[in-house]
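These numbers come from the heavy atoms of this one structure, side chains and all, not from hydrogens, waters or symmetry mates.
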Amino acid sequence: PQDRFAYQTYHETLKGKAIELCEAGHLQDARTVINRALKIIPDCPSCLQVSERIDQALRAGHPRGSTFPYRKKGKKK
């Protein structure tokens with residue numbers, strides 16, 4: 001796409017997909033997807049953070065990407 005909005009939307013979608021894949025335990029797939037997002041916007045701070053967390057999970061051998069506290073579990077009282 002040549003439209004800036006389309007690039008931004010695609011970038012955000014890739015970042016969200018990478019987070020979902022990591023939470024599901026698909027760390028290698030998450031690595032591939034976040035790399036695609038970083039090709040679109042190489043200096044995106046949130047993508048760089050996600051990338052670092054994926055790397056940490058891969059190095060630590062986390063089977064389900066347990067270093068990702070993105071989703072809230074239940075309601076806080």
Side-chain angles (χ1 to χ4, degrees):
Q2 295 183 9
D3 181 358
R4 181 182 167 111
F5 177 74
Y7 273 113
Q8 184 66 31
T9 302
Y10 184 56
H11 169 81
E12 292 296 325
T13 301
L14 288 172
K15 181 175 62 177
K17 184 64 174 178
I19 292 170
E20 287 178 16
L21 286 167
C22 194
E23 289 173 346
H26 304 288
L27 298 174
Q28 292 295 338
D29 293 334
R31 159 73 26 231
T32 301
V33 173
I34 201 65
N35 282 342
R36 279 192 216 154
L38 285 167
K39 283 184 180 181
I40 296 170
I41 303 177
D43 58 346
C44 173
S46 59
C47 283
L48 291 170
Q49 182 181 14
V50 170
S51 178
E52 180 57 34
R53 290 194 177 182
I54 291 169
D55 289 341
Q56 287 174 356
L58 286 168
R59 282 192 301 270
H62 290 286
R64 297 197 45 85
S66 60
T67 62
F68 282 80
Y70 291 106
R71 308 248 182 207
K72 294 180 181 177
K73 295 181 181 178
K75 294 183 179 180
K76 291 187 176 182
K77 295 181 179 181

Side-chain heavy-atom pair Lys17, Asp29 within 4.5 angstrom cut-off
no
Starting at CG of Asp43, measure out to CG of Leu48 and round the result to the nearest 0.5 Å.
7.5 Å
Can you tell me how far the OG1 atom of Thr9 sits from the CG atom of Asp3, to the nearest 0.5 Å?
8.0 Å
Contact check, side chains of Ile54 and Ile34, non-hydrogen atoms, under 4.5 Å
yes
Would you give the length of the straight line joining atom CZ of Arg36 to atom OG1 of Thr13, rounded to the nearest 0.5 angstrom?
12.5 Å
Evaluate Leu38 against His11 for side chain to side chain contact (heavy atoms under 4.5 Å, CB included), listing each step before the verdict.
CA-CA 8 Å; Leu38 285 167; His11 169 81; 5.8 Å; no
Atom pair CD1 (Ile40) and CG (Asn35), whose distance is rounded to the nearest 0.5 Å:
11.5 Å
Shortest non-hydrogen separation from Ala18 to Ala30 and the atoms involved
O-CB, 3.4 Å
What residues, two or more places apart in sequence or in another chain, satisfy side-chain hydrogen bond (donor to acceptor under 3.5 Å, both in side chains) together with Glu12?
Gln8, Lys15
For Asp55, side-chain contact (heavy atoms from CB on, under 4.5 Å) partners two or more places apart:
Arg31, Ser51, Glu52, Arg59
